[in-house]
Engineer: 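Just passing along the structure, written as structure tokens.
Order of appearance sets the numbers: ligands from 1, and atoms from 1 within every ligand. Residue numbers count from 1 along this sequence. Computed over heavy atoms, backbone and side chain alike; hydrogens, waters and symmetry mates excluded.
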Amino acid sequence: MRAVMVANPKGGAGKTTLATNLAGYFANQKYSVSLCDLDRQQSALRWLAFRAPELPAITGYFGGNQMSVSMPQETDWAVLDAPAGFQGYKLNDYLRAVDRVLIPIVPSIFDMAATEDFLNTLRRDLGGRLAKIGIVAIRIDPRTRAASMLEEFLRHFDIPIVAYLRNTQNYVNVAAAGQTIFDPPRARNKRDLEQWQSLIAWIKKK
Ligand SMILES: Nc1ncnc2c1ncn2[C@@H]1O[C@H](COP(=O)(O)OP(=O)(O)OP(=O)(O)O)[C@@H](O)[C@H]1O
Ligand SMILES: [Mg+2]
């Protein structure tokens, strides 16, 4: 089993959107995949409840009440959706247990300021193992001023941006139906699927 955690203590950064779509990618690639919801609000599991049984299967798992690391082992991939405000020793335990950490960031000064402390904590707690952390720039066009601001901000941290995901209602629309951009019909999500390729390559890298 390989595990990917999606985390950012800032609310509304795009964690659940990223986690559900990543689980959808693995399911459509015929991997067994568990979506582990660490959030007491259970947004990811609520989304999963809408998913039609004929779509590629994603197994739901609730890990929001346990004091220590809790995720299923009998699965090819586990995707963990962390809650807003996730920090402290519990965050630390999960950071050690997973293979990759994806941090979605919306490039606004408010979001970047809120994420800065988190990145400093990661740098302190993970020491030399920062390599498993990747940033996902959310609701952004890579050619804009917002993108350069984000790149400038991240220069201090030595953490790569592994994907830029544009602002689109496609994510909102598929989510409302328990789906992901990787589920058929995929044609209308072509541009978004392309934007995910760099992220997927980084996740799968040994
Ligand atoms: N690339 C995108 N384009 C447009 N809307 C997006 C995009 N990514 C996320 N959203 C929307 O932004 C909102 C917040 O996203 P999401 O719920 O995934 O964030 P979160 O980090 O899980 O929030 P919380 O901290 O409350 O758990 C949702 O309405 C989602 O549909
Ligand atoms: Mg969420």
Side-chain angles (χ1 to χ4, degrees), residues 3-25 34-51 58 60-65 71 78-88 90-91 94-95 98 100-108 110-119 121-122 133-144 146-147 149-150 161-183 186 188-200 203:
V4 183
M5 177 165 70
V6 184
N8 186 336
K10 178 81 172 73
K15 297 179 285 293
T16 303
T17 303
L18 212 51
T20 51
N21 280 282
L22 186 59
Y25 164 77
S34 291
L35 180 58
C36 306
D37 200 338
L38 305 184
D39 192 343
R40 291 215 170 92
Q41 290 187 13
Q42 302 198 30
S43 314
L45 293 181
R46 282 177 218 268
W47 166 81
L48 195 52
F50 284 107
R51 190 168 172 79
I58 297 170
Y61 183 90
F62 183 55
N65 280 336
M71 55 183 159
V79 180
L80 287 69
D81 183 19
F86 198 46
Q87 57 190 346
K90 201 170 166 185
L91 167 67
Y94 273 100
L95 284 175
V98 299
R100 289 277 188 275
V101 183
L102 282 176
I103 305 176
I105 301 188
V106 178
S108 81
F110 309 119
D111 285 70
M112 289 191 290
T115 305
E116 188 165 9
D117 290 341
F118 180 54
L119 294 179
T121 307
L122 293 184
I133 300 177
I135 302 281
V136 183
I138 299 283
R139 299 176 152 197
I140 191 172
D141 178 336
R143 290 157 308 200
T144 56
M149 270 170 54
L150 181 66
I161 299 176
V162 298
Y164 291 85
L165 305 183
R166 66 185 180 138
N167 187 7
T168 166
Q169 288 301 296
N170 285 351
Y171 292 108
V172 181
N173 294 337
V174 292
Q179 295 175 11
T180 71
I181 58 164
F182 297 97
D183 294 307
R186 280 177 282 264
R188 73 172 82 99
N189 306 319
K190 188 165 173 286
R191 271 184 67 194
D192 304 301
L193 296 171
E194 282 164 8
Q195 292 196 312
W196 274 74
Q197 292 314 307
S198 53
L199 190 164
I200 289 162
I203 292 276

Engineer: For Ala7 versus Pro104, what's the shortest heavy-atom pair and its separation?
Structural biologist: O-CD, 3.6 Å
Engineer: What part of Gln169, side chain from CB on, backbone N/CA/C/O, both or neither, has a heavy atom under 4.0 Å from ligand 1?
Structural biologist: neither
Engineer: Write out the residue and atom name of the closest protein heavy atom to atom 12 (O) of ligand 1, then the distance separating them to 0.1 Å.
Structural biologist: Arg139 NH2, 3.2 Å
Engineer: Of all the non-hydrogen atoms in the protein, which one sits nearest to atom 20 (P) of ligand 1, and at what distance?
Structural biologist: Lys15 N, 3.4 Å
Engineer: Heavy-atom contacts with Asn167 under 4.0 Å: which atoms of ligand 1 show up? List them by number with element.
Structural biologist: 3 (N), 4 (C)
Engineer: With the threshold set at 4.0 Å, does a side-chain nitrogen-carboxylate oxygen contact exist between Asp39 and Lys15?
Structural biologist: no
Engineer: Tell me, please, if Gln41 has any N/O/S atom, main chain or side chain, under 2.8 Å from the Mg ion (ligand 2)?
Structural biologist: no
Engineer: Using a strict 4.0 Å cut-off to heavy atoms of Gly11, name the atoms of ligand 1 that fall inside it.
Structural biologist: 25 (O)
Engineer: Measure the CD1-CG distance between Ile105 and Asn8 for me, rounded to the nearest 0.5 Å.
Structural biologist: 6.0 Å
Engineer: Which word best sums up how the rings of Tyr171 and Trp196 line up, parallel for under 30°, tilted for 30 to 60°, or perpendicular for over 60°?
Structural biologist: tilted
Engineer: What's the shortest distance from atom 27 (O) of ligand 1 to any protein heavy atom, and which residue and atom give it?
Structural biologist: Asp39 OD2, 3.8 Å
Engineer: Between Asp81 and ligand 1, find which residue part has any heavy-atom pair under 4.0 Å and reply side chain, backbone, both or neither.
Structural biologist: neither
Engineer: Tell me whether Gln41 reaches ligand 1 (any heavy atom closer than 4.0 angstrom to a ligand atom).
Structural biologist: no
Engineer: What distance do Asp192 atom CG and Asn21 atom CG have between them, rounded to the nearest 0.5 Å?
Structural biologist: 9.0 Å
Engineer: Would you please determine whether Ala13 falls within less than 4.0 Å of ligand 1 on a heavy-atom basis?
Structural biologist: yes
Engineer: Tell me the protein heavy atom at minimum distance from atom 1 (N) of ligand 1, and give that distance in Å.
Structural biologist: Arg166 O, 2.9 Å
Engineer: Hey, mind stepping through Asp183 and Arg51 against salt bridge (Lys or Arg N to Asp or Glu O under 4.0 Å) and telling me if it holds?
Structural biologist: CA-CA 11 Å; Asp183 294 307; Arg51 190 168 172 79; 2.9 Å; yes
Engineer: Starting from atom 9 (C) of ligand 1, find the nearest protein heavy-atom neighbour and note its residue, name and distance.
Structural biologist: Thr17 OG1, 3.4 Å
Engineer: Could you tell me whether ligand 1 has any atom less than 4.0 Å away from a heavy atom of Gly12?
Structural biologist: yes
Engineer: Please report which non-hydrogen protein atom sits nearest to atom 17 (O) of ligand 1, along with the residue it belongs to and the distance in Å to one decimal place.
Structural biologist: Thr16 CB, 4.2 Å
Engineer: Among all protein heavy atoms, pick out the one at the shortest distance from atom 31 (O) of ligand 1; state its residue, atom name and that distance to 0.1 Å.
Structural biologist: Val172 CG2, 3.6 Å
Engineer: Side chains of Arg191 and Asn170 only: does a donor on one sit below 3.5 Å from an acceptor on the other?
Structural biologist: no
Engineer: I need the nearest protein heavy-atom contact for atom 3 (N) of ligand 1: residue, atom name and distance, please.
Structural biologist: Thr168 N, 3.1 Å
Engineer: Do Thr144 and Asp141 have side-chain N/O donor and acceptor atoms under 3.5 Å apart?
Structural biologist: no
Engineer: Just to confirm, does any protein heavy atom lie below 4.0 Å from atom 29 (O) of ligand 1?
Structural biologist: no
Engineer: Within the 4.0 Å heavy-atom shell around Ile138, which atoms of ligand 1 are there?
Structural biologist: 8 (N)
Engineer: How many angstroms lie between atom CD1 of Ile133 and atom CG of Leu102, to the nearest 0.5 angstrom?
Structural biologist: 10.5 Å
Engineer: Would Gly14 count as a contact residue for ligand 1, given that I'm defining contact as a non-hydrogen atom of the residue lying under 4.0 Å from a ligand atom?
Structural biologist: yes
Engineer: Can you tell me how far apart CD (Gln179) and CG (Asn189) are? Round to the nearest 0.5 Å.
Structural biologist: 9.5 Å
Engineer: What atoms of ligand 1 come within less than 4.0 Å of a heavy atom belonging to Ala84?
Structural biologist: 25 (O)
Engineer: Start with the C-alpha gap between Arg40 and Asn65, add the side-chain angles, then the distance that decides, and say whether side-chain hydrogen bond (donor to acceptor under 3.5 Å, both in side chains) holds.
Structural biologist: CA-CA 7 Å; Arg40 291 215 170 92; Asn65 280 336; 3.2 Å; yes
Engineer: Between Lys90 and Gly63, what is the shortest heavy-atom contact and its length?
Structural biologist: NZ-O, 4.4 Å
